[in-house]
Amino acid sequence: MKTRYEPAEVEPRIAQTWLESGINNPAPEGDSSENYSIAIPPPNVTGVLHMGHALNNAVQDTLIRRARQQGKRTKWILGTDHAGIATQTQVEKQLISLGTSREEIGREQFVNRVWAWRELYGGEIIEQIKRLGSSVDFSAERFTMDADYAQAVLKVFVELYEKGLIYRDRYLVNWDPGSLSAISDLEVQDVEVTDTLYYIDYPLASGSGAITVATVRPETMLADVAIAVNPEDERYRRLIGETAVLPLAGRRLKIIADDYVKTEFGTGALKITPGHDPNDFEIGNRHGLPHPSVIGEDGRMQGEDVPERFLGLKAADARDAIVAELDELGLIQRREAYTHTVPFSQRSGERIEPLISLQWFMRMDELAKPAIDVVRSGQIRFHPERWTKVYLDWMENLRPWCISRQLWWGHQIPVWYHDDGRVHAGVEAPDGSGWERDPDVLDTWFSSGLWPFVTLGWPEQTPELKAFYPTDVLSTGRDIIFLWVARMIMLGLEFTGEIPFSDVYVHSIILAPDGRRMSKSLGTGLDPRGLIDGGERPPAFASAPDEDPGEFPAYGTDAVRWGLLAMSSGQDVRFNEEKVSQAQQLTNKLWNASRLVLQRVDSDTRADARPHAPEDHWILARLQRAQLAVGEAIDAFEFSRAALALYDFVYGELCDWYLELVKPRLYDGDADTAATLLHVLTETVTLAHPLIPFVTEEIYAHIPGSEGLLAGRRAQSAASAGISDTGSEDEVQRAIEAIQAIRAWRDAADVKPAAILPARLAADGYGETVTHLARLGRLELDASGGSADGAAAAAAAIVIPGGVVEVLPSEDVDAEAALRKRDAKRRELEAEIRRAGGKLANEKFVARAPAEVVQAERAKLEALRAELEAL
RNA sequence: GGGCGGUUAGCUCAGUUGGUAGAGCGCCUGCUUUACACGCAGGAUGUCGGGGGUUCGAGCCCCUCACCGCCCACCA
């Protein structure tokens with residue numbers, strides 16, 4: 001074994017071992033109540049691994065490995081998502097670079113190309129997940145466009161259609177001019193924009209003046225159908241029912257009254273354009289107005305309401321032309337800069353054009369109800385808990401979901417239209433001729449909403465479905481709670497009658513060191529592979545702004561995953577490399593602790609707890625406490641607590657103390673000590689395995705007598721027994737504190753580190769641990785231990801729990817320094833005594849605080865006084 | 001406009017029934033102690049965002065203000 005743990009050499013080898021072992025590929029036996037399963041959030045098929053994946057994989061892998069240690073049959077369902085728009089856009093870009101386009105090659109050719117593209121790049125992210133050592137079932141990889149999956153999607157569509165939950169309608173939708181498709185409300189993002197607000201006169205038909213409206217989109221005025229004012233508005237009340245003349249077009253517009261109109265905004269008069277504005281659409285419906293359209297799906301002016309000179313102009317150009325003409329006519333009263341929020345497409349980044357379009361919609365109210373109930377009743381729990389409210393608030397105000405997309409890559413809508421007007425919805429095409437299939441495809445989230453059960457074979461009642469559905473945990477980032485999680489709950493309940501998972505863990509978002517989002521375009525992105533295998537450190541991750549960023553060391557997967565888990569806490573956090581480095585030190589520490597043990601233990605020794613000395617009982621108890629702490633933290637989805645609890649045990653207890661305390665016995669070749677050490681080491685790597693699987697697996701392989709893989713080893717059940725020996729725990733705890741006090745005293749008193757000081761122990765509660773005080777405190781303890789008459793006067797006294805260590809005069813002790821140290825300690829004690837005494841002198845405290853708190857304070861005061869006395 | 005989260009040591013963050021503030025990194029002082037210098041021992045460092053309140057006692061509970069971030073929302 002090398003003195004340094006080298007993940008680059010170990011990890012790929014171990015990952016391969018796990019892959020070949022079959023531990024990730026459970027047989028579909030039993031049912032879901034006894035088994036444990038997680039469906040991975042399917043990454044985009046052409047995606048690459050980013051920090052969010054790395055964290056989420058660490059979370060899920062930790063959960064899976066812990067469940068497996070508890071003896072459960074575990075399955076982590078793997079697969080990728082076809083990601084309609086994202087994938088189509090990539091392939092379109094490729095076509096353009098080749099000098100062609102999807103229109104030119106046609107739909108069939110295009111879809112073939114996307115499949116070819118998927119063959120080429122689709123495996124990359126799977127390979128990356130393999131490198132992470134994730135315990136996913138690689139033998140059963142799914143894809144949302146696989147034939148079986150596609151059949152299930154169509155079946156779901158048809159059933160919802162037949163129930164009347166899916167319908168086709170002309171409705172105002174979010175039109176994305178970038179992808180030339182409708183998108184759902186969740187895919188638009190409001191962005192603050194400064195526009196010009198135009199105040200435009202609409203002459204009254206009566207000829208007596210004009211009514212002025214304010215708008216940022218003059219080009220839509222050609223689709224105006226009315227002018228609305230507030231019924232309470234004194235200025236306009238007399239005009240209600242009159243008509244105005246639409247400039248440039250000459251159409252008559254009725255002046256109507258509607259409460260929606262705010263009197264204080266703009267002029268208090270609002271032009272109503274139902275075809276191009278969501279609010280106007282509502283108002284128009286209330287008043288039975290038509291909703292003509294003047295902007296087409298290509299973003300250009302079109303329709304019978306558009307005068308010929310504007311036809312075919314892009315909306316923005318039409319605006320300029322229309323404003324120019326209005327200016328000529330003197331109809332623009334004024335303009336002002338106006339900052340407001342405007343919807344943009346998250347996909348293409350283009351400004352949304354609201355327009356009336358024939359689309360497929362899904363009614364959500366009926367589906368939402370049971371999905372609300374299961375969360376309210378606690379059948380599904382969110383972690384951290386605050387997301388429950390976010391989910392419920394959203395679910396209670398669901399509007400219809402626009403599910404059709406004008407794309408070619410995706411699940412084509414299973415509806416056929418006949419020349420004669422008949423409509424057929426079905427998984428299979430209708431017989432006969434004259435049928436034409438709806439060209440649109442379904443929103444990607446429609447198919448991913450079926451993920452947890454279709455991946456297991458639904459609608460067939462497969463053994464996999466029986467064994468692993470419902471799944472246990474769904475782990476994800478908060479950005480897709482609505483897009484994905486909510487829809488899985490609704491569709492899962494609707495089609496399987498069961499919740500798709502019982503716990504939703506919403507993990508942290510890892511931010512760049514400057515607090516901004518990690519993003520490639522901002523230059524704040526970080527490729528996890530650079531951290532794992534070593535690579536250039538991006539400038540945003542340099543230790544100082546102007547410094548050469550240098551390179552990441554090859555931290556390894558264990559370090560990156562422990563670091564990410566330790567960073568994340570249910571709170572968004574800035575990435576800090578120190579945590580990863582801390583993890584690297586932890587793996588190295590564990591590695592070297594193992595070396596210490598393994599190098600000194602005979603190969604025929606077997607792990608077995610055979611405690612003799614107090615410290616043996618102590619470490620077994622501490623180990624048990626660590627098992628409880630780590631286990632509880634993981635079960636509560638508090639991964640940073642789990643990671644730090646492990647760290648504290650390995651560093652603060654196992655390495656700093658136990659190994660130091662048993663070294664003499666280990667060097668003596670004591671058989672019981674060796675067996676006990678192997679036991680502690682085995683249980684420690686088992687405990688650590690879910691968090692740092694690689695290094696622990698590697699160490700386990702070196703432990704004499706270890707069988708099989710650590711990944712398949714069942715863990716001790718920590719909760720099953722009480723802490724074995726609290727008496728020894730206390731005794732060793734005291735010894736530790738005493739040694740620390742002695743060391744601190746030596747340091748402060750300028751004693752040479754190597755010097756062994758003659759001393760006398762005058763304290764209670766130190767039995768066998770006296771030898772530890774002597775060795776680790778570098779003392780030559782007077783064998784008599786007492787303060788017999790005639791013994792030399794002490795040169796100094798070191799306060800330790802239960803008494804003092806009297807240091808006898810010797811050439812290594814500087815009496816002056818010792819005196820200074822003693823006085824400092826005395827002042828410290830006196831201050832504490834004053835504080836405690838003051839508290840107890842407070843009658844109200846004594847009267848009202850709980851008895852045990854008061855009692856504890858009294859005991860402390862007494863102990864402090866005794867210490868002072870001893871000095 | 002509504003909601004949620006944050007503000008704790010120089011930096012990144014813990015602090016889960018209210019009982020004298022913690023970790024890692026960084027900093028200071030020592031140490032070739034036969035597992036580890038990616039090490040060991042010791043040390044310094046905080047009016048816990050501001051203000052008010054409840055309480056014997058508040059980083060934790062209540063009110064309020066400020067700033068930062070996120071989400072939702074139909075003001076032309």
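The sequence lines fix the lettering, A, B, ..., with proteins before strands; numbering per chain opens at 1.
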**Prompt:** Is the base of B:A41 touched by the side chain of A:Glu660 through a donor-acceptor pair closer than 3.5 angstrom?
**Reply:** no
**Message:** With rounding to the closest Å, how many angstrom separate the P atoms on B:G3 and B:U64?
**Reply:** 11 Å
**Asked** Considering only the P atoms, how many Å lie between B:G30 and B:A9, rounded to the nearest integer?
**Response** 29 Å
**Request:** Determine the contact category for A:Tyr667: base if any of its heavy atoms lies under 4.0 Å from a base atom, sugar-phosphate if only primed atoms, P, OP1 or OP2 are that close, otherwise nothing.
**Result:** sugar-phosphate
**Asked** Paired with B:G42 by Watson-Crick or G-U wobble geometry, both distances under 3.5 Å: which nucleotide is it?
**Response** B:C28
**Prompt:** Choosing from B:A41, B:C70, B:U12, which nucleotide comes nearest the side chain of A:Asn576?
**Reply:** B:U12
**Request:** Look at the rings of A:Tyr5 and A:Trp591 and say which category their plane angle falls in: under 30° parallel, 30 to 60° tilted, over 60° perpendicular.
**Result:** tilted
**Message:** Any base atoms under 4.0 Å from A:Leu270, or only sugar-phosphate, or nothing? Heavy atoms, all strands.
**Reply:** base
**Message:** Taking only the P atom of each, what is the distance from B:A58 to B:A21 in whole angstrom?
**Reply:** 12 Å
**Request:** Give A:Glu282 one of three labels, base, sugar-phosphate or nothing, depending on what nucleic acid heavy atoms sit under 4.0 Å from its own.
**Result:** nothing
**Prompt:** Which nucleotide sits closest to the side chain of A:Lys389: B:A76, B:G19, B:G3?
**Reply:** B:G3
**Item:** Nucleotide nearest A:Tyr651 (side chain, heavy atoms from C-beta), chosen from B:A35, B:C40, B:U12
**Value:** B:C40
**Item:** Short side-chain N/O contact to B:A76 OP1/OP2 from A:His340, under 4.0 Å
**Value:** yes
**Item:** Touch class at under 4.0 angstrom, heavy-atom based, for A:Pro553 against every strand present
**Value:** nothing
**Prompt:** Does A:Gln585 make a side-chain N or O approach to OP1 or OP2 of B:A37 shorter than 4.0 Å?
**Reply:** no
**Prompt:** To the side chain of A:Phe265, which of B:A76, B:C38, B:C4 is closest?
**Reply:** B:A76
**Prompt:** When you check the phosphate oxygens OP1 and OP2 of B:A76, does a side-chain N or O of A:Tyr338 lie under 4.0 Å from one of them?
**Reply:** yes
**Item:** Proximity to the side chain of A:Arg743 - top-ranked nucleotide from B:G39, B:A41, B:C71
**Value:** B:A41
**Item:** A:Ser184-A:Glu187 side chain donor-acceptor pair, cut-off 3.5 Å
**Value:** yes
**Asked** Could one point to a donor on the side chain of A:Lys262 or the base of B:A76 with an acceptor on the other under 3.5 Å away?
**Response** no
**Prompt:** Phosphate oxygens OP1/OP2 of B:U12: is one of them under 4.0 Å from a side-chain N or O of A:Arg574?
**Reply:** yes
**Prompt:** Between B:A73, B:A35, B:A23, which nucleotide has the shortest distance from any of its atoms to the side chain of A:Gln582?
**Reply:** B:A23
**Request:** Please measure how far the P atom in B:G15 lies from the corresponding atom in B:C60, and state the result in whole Å.
**Result:** 14 Å
**Request:** Please tell me if the side chains of A:Trp657 and A:Ile739 come closer than 4.5 Å, counting only heavy atoms from C-beta onward.
**Result:** yes
